[in-house]
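To start, the structure under review is shown below, and the notes come after it.
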Amino acid sequence: MNALKELQTCFQPVLGKYTDNVDDMLNLIRPSKEAKFGDFQANFAMPLGKSTGKPPREIAEEIVAAVDLSGLCEHVEIAGPGFINLTLKEQWLKSNLAHALADDRLGVEPVASPRNYIVDYSSPNVAKAMHVGHIRSTVIGDALTRILNFMGHQAKSDNHIGDWGTQFGMIIYGYRNFRVEADFDKDPIGELSRLYRFVRLLIDFHKSTGKLPELQTQLKQLQAELADQKQQQSIAEEKSAIKKIKKEISQTNKRIAECQQQIAKATGIVEQVNADSLVETADAHKDIATAVLLETAKLHEGNAENRELWEKFLPICKQDMQTIYDRLDVSFDMELGESYYHQQLGDVVNDLEAKGFARISDGAMCVFLEDFETPMIVRKQDGAFLYSTTDLATIKYRMENFAADACLYVVDHRQHEHFEKLFAVASMWGYDQAELKHVSFGTVMGKDGKPFQTRSGDTVGLAGLLDEAERRALVIAKEVNETLSHPVDESQLKENALVVGIGSLKYADLSQNRSSDYTFDYDKMLALKGNTATYLQYGYARVQGIWRKVDTDIDSVRANPVEFAFATGIERSLAVQLLRFEEALSDVLIEYKPNLLCNYLFDLCQIFFRFFDQCNVKNAETESLKFSRLQFCDLTARTLKTGLGLLNIGVLDKM
RNA sequence: GCCCCCGUAGCUCAGCUGGAUAGAGCAACUGACUUCUAAUCAGUAGGUCGCAGGUUCGAAUCCUGCCGGGGGUGCCA
């Protein structure tokens, strides 16, 4: 049991006298922010003071007198308005360290009531190259699944791939009209993605040529509007009127900028087509956009030829996707994409209608919801289904086949409203017993402050990003290697660079609070100094270095445990931090925030490096102190390895 | 129009179910490799936590308004 839980258990019976809300009060026991306030602080005397009308300090004294903390705390102090500062007993620390040392799970207990989780993450559209925007979901979902399982839950990962959408209409059309047979035979993936981009370009070309004149006039209108507003501004006198016109001007400016951007984009596409001398081809395929939709519709209706092509393309696309997953070392328990649910969609809609939840509106089948302005559409006017329909079918499937207690959707926060509606409909539909949670994360933004777009051509592909991460890590690894007395050999160096590079890329994502947006920045993502995976990996490697230098092997240390010794303050700090691992993991699962584990590991490693600096292991003053320190090293390394493993980041013996 | 999110050090961000003097990393500056790997450590400097009110013993954290940025908003996912 971790210290926090033990403290809560001790205080629980005492608090009953003061409040009905014991659990809330127990949550006010927190780790202390500063060492001088002890290891933990209990902050419940102040609110209890308010509710009972007694001075908080008096209550704190009563509680401290009544609570039995013998065996757990050596030092209990009341401070300030009524904080209770708690310092753990050395003996408690030592015996818990000994327990963790001997335990494969480092003393972390599985949860008392395990749940069945489905973690839905990554979910790329096949046939489109994965780009940086896809990494967040993949990495966060993977980490959460691992942490849930480690904590004793049953978590299954599901990659809900987009394998049934318009992109197949595009490559089917492209394959029929533009394929180069030899290229397809030689490099099917390359040819398919070329076809995808090519069809995309032609569609965008027609759209752009059609839209450009419209955009030009729109721009002129906006500019006229702006001139008009400026005129008004010059004659406005009243304060409120000035303010209003100012706001209007800034909005018009924004719209002008947007309009100009669209024009630039459209012009760029047109120019590209001209440059590649594709105008004739484009003209020969004037109706390509409709034709693509038609191919998609034919596929959905079960047209044999399109179905055959789809079956031919899908494995190719999935294999391409798999190369990225292999590099990230991510795998899924299930990969049930949109196509898997295709045949169930009609029944879903019929059932919703039969139960009176859905009705036709403007030709579309809609579920209207109290708290939302717009309905959730489950079938379009043209009879096609939408992703909301698939999502509903998926929920039904998961409940019926997995008895899921919780489904986590690790998806971009822009889909917030979609999920709110989805969960509302699901609950209305009868699936209200499970926790449905949108584990949303911020958008990866481009340098222009706009979200990364899939189409804008020069976005950073995921494969290239992984290459670059490994390349940078290799450069540094080579530098460091030259300073080592026993350098690692060339081939090992490359493998190390892979572990370090991919690790730092993942950590960059995981260490940030998932809900914040972040601006894509090569240097930040691929940083190998400071609060990075590399720092933690280096901490681990340093421990391994000690084992190589010391004349004792790890097995004999483990076989003959000695009592932990706190010869310095830093050793005690390390002890406390090591014993907080379980606490950190439980914290992650409250709001599904892997960054809390990153914080923990970073803190641990920081304390370890301080220990490493101040406490010599090999030449410790006494033999027993040396063994105690070796045990600290062992525990630290195992905690780092386990923690990083839960983030799916590897460690190295030497770097 | 309506709804959601964000605004913390020069930069990137933690901290947000209210708790003691607001923290890291990067960048800058000063020190530390004859010592278990300097991908490290020790230190200096850097902040009216967007602004204004309110609630409270106590507010970066909760409430209201405003300013600024982003997103979503009936047939894309």
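Below, chain A is the first sequence line, B the second, and so on; all start at residue 1.
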For RNA chain B, the dot-bracket pattern of Watson-Crick and G-U pairs whose distances stay under 3.5 Å, | for other-strand partners: (((((((..((((.....[...)))).(((((.......))))).....(((((..]....))))))))))))....
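Cys615(A) comes within 4.0 angstrom of a nucleotide base, judged by non-hydrogen atoms across all strands. The residue Cys633(A) sits apart from the nucleic acid: no heavy atom pair falls under 4.0 Å. If you check every strand for non-hydrogen atoms under 4.0 Å, Gln41(A) touches a base. Met376(A) comes within contact range of no nucleotide atom at all, as no heavy-atom separation falls under 4.0 Å. Across all strands shown, Lys618(A) has heavy atoms under 4.0 Å from base atoms, whether or not it also approaches the sugar-phosphate. Residue Ala527(A) is classed as having no contact, given no heavy-atom separation below 4.0 Å to the nucleic acid. Residue Ala79(A) is in base contact, counting any heavy-atom pair closer than 4.0 Å across all strands shown. Using a 4.0 Å heavy-atom criterion, one finds that Leu386(A) contacts the sugar-phosphate atoms exclusively. Across all strands, Tyr535(A) comes closer than 4.0 Å only to sugar-phosphate atoms, never to a base (heavy-atom distances). Residue contacts shown for Ser123(A) are absent, as no nucleic acid heavy atom lies under 4.0 Å away. Within 4.0 Å (heavy atoms only), Gly162(A) reaches no atom of the nucleic acid at all. Contacts of Asn599(A) with the nucleic acid, taken as non-hydrogen atoms under 4.0 Å apart, involve only primed sugar atoms and P, OP1 or OP2. Gln381(A) comes within 4.0 angstrom of a nucleotide base, judged by non-hydrogen atoms across all strands. Looking at heavy-atom distances under 4.0 Å, Asp551(A) makes no contact with the nucleic acid at all.
Considering only heavy atoms from C-beta on, Met655(A) stays 4.5 Å or farther from Tyr540(A) through its side chain. Contact annotation: the side chain of Gln544(A) never approaches that of Lys654(A) to less than 4.5 Å [non-hydrogen atoms, C-beta and beyond]. By the 4.5 Å heavy-atom criterion applied to side chains, Lys50(A) and Pro56(A) are not counted as neighbours. The shortest distance between side-chain heavy atoms of Gln537(A) and Val500(A) falls below 4.5 Å. Between Glu571(A) and Gln614(A) the shortest side-chain heavy-atom distance does not fall below 4.5 Å. Counting only heavy atoms from C-beta outward, the side chains of Tyr121(A) and Val439(A) never approach each other to under 4.5 Å. Contact of the Thr19(A) side chain with the Phe44(A) side chain is not registered, since no non-hydrogen atoms from C-beta on lie closer than 4.5 Å.
Glu420(A) places its CD atom 11 Å from the C1' atom of G72(B), with the value rounded to the nearest Å. Following rounding to the nearest Å, His300(A) (NE2) and A77(B) (C1') show an atom-to-atom distance of 13 Å. Per the geometry, NE2 belonging to His438(A) stands 17 Å off P belonging to G71(B), to the nearest Å.
Asp158(A) CG to Ser123(A) OG: the interatomic distance, rounded to the nearest 0.5 Å, is 7.5 Å. The structure places CZ of Arg136(A) at 9.5 Å from OG of Ser440(A), a figure rounded to the nearest 0.5 Å.
Among the nucleotides C41(B), G74(B), C4(B), the one closest to the side chain of His416(A) is C4(B). Comparing A14(B), G19(B), G71(B) by their nearest atom to the side chain of Arg30(A) picks out G19(B). Minimum atom distance to the side chain of Lys380(A) is reached by C76(B), of the listed C41(B), A14(B), C76(B). Taking the side chain of Pro47(A) as heavy atoms from C-beta on, and the options C13(B), G19(B), C41(B), the nearest nucleotide is G19(B). The side chain of Asn595(A) lies closest to G15(B), out of G15(B), C75(B), G71(B). Of the candidate nucleotides U73(B), A39(B), G15(B), U73(B) has the atom lying nearest to any side-chain atom of Thr374(A). Side-chain proximity of Ala364(A) to the nucleotides C75(B), G15(B), C41(B) is greatest for C75(B). With distances taken from any side-chain atom of Phe609(A) to the nucleotides A60(B), C75(B), C41(B), the minimum falls on C41(B). Of the candidate nucleotides A77(B), U40(B), G15(B), U40(B) has the atom nearest to the side chain of Tyr538(A). Here the nucleotide nearest the side chain of Asp517(A), chosen from A39(B), U37(B), G70(B), is G70(B).
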Under 4.0 Å protein heavy-atom contacts per nucleotide of nucleotides 25-30 of chain B, with B for base, S for backbone only and - for none: SS----
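The aromatic ring centroids of Phe609(A) and Tyr535(A) lie less than 6.0 Å from each other. For Tyr409(A) and Phe423(A), the ring centers sit closer than 6.0 Å to each other. When ring centroids are compared, Tyr592(A) and His438(A) stay outside the 6.0 Å threshold.
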Stepwise salt bridge (charged side-chain N to carboxylate O under 4.0 Å, His left out) check, Lys494(A) with Glu470(A): CA-CA 8 Å; Lys494(A) 275 193 180 151; Glu470(A) 288 167 21; over 6 Å; no
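For Glu373(A) against G1(B), a side-chain-to-base donor-acceptor contact under 3.5 Å is present. Within 3.5 Å, no donor on the side chain of Asp613(A) pairs with an acceptor on the base of A38(B), nor the reverse. A donor N or O paired with an acceptor N or O is not found under 3.5 Å between the base of G70(B) and the side-chain atoms of Thr443(A).
One finds a side-chain N or O of Arg610(A) lying less than 4.0 angstrom from the OP1 or OP2 phosphate oxygen of A42(B). Listed pair Lys50(A) / G19(B) fails the phosphate criterion, with no side-chain N or O lying under 4.0 Å from OP1 or OP2. Using a 4.0 Å cut-off, no side-chain N or O of Lys654(A) falls inside it from OP1 or OP2 of U37(B). Contact check, Lys421(A) against G74(B): no side-chain N or O comes under 4.0 Å of OP1 or OP2. One finds a side-chain N or O of Asn513(A) lying less than 4.0 angstrom from the OP1 or OP2 phosphate oxygen of G15(B).
Under the stacking criterion of a centre-to-centre distance below 5.5 angstrom and an interplanar angle below 30°, Phe37(A) sits stacked against the six-membered ring of A20(B).
Dense packing is recorded around CG of Asp382(A), with more than 12 heavy atoms of other residues, nucleotides or ligands lying under 6.0 Å away.
Straight-line distance between the C1' atoms of U17(B) and C63(B): roughly 16 Å, to the nearest whole Å.
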Sub-3.5 Å pairs of nitrogen or oxygen atoms, protein against nucleotides 5-8 of chain B:
none

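The glycosidic torsion of C16(B) lies more than 90° away from 0, placing the base in the anti range.
With a 6.0 Å cutoff to the six-membered ring centre and a 45° limit on the axis angle, Arg580(A) counts as a cation-pi contact of Phe40(A).
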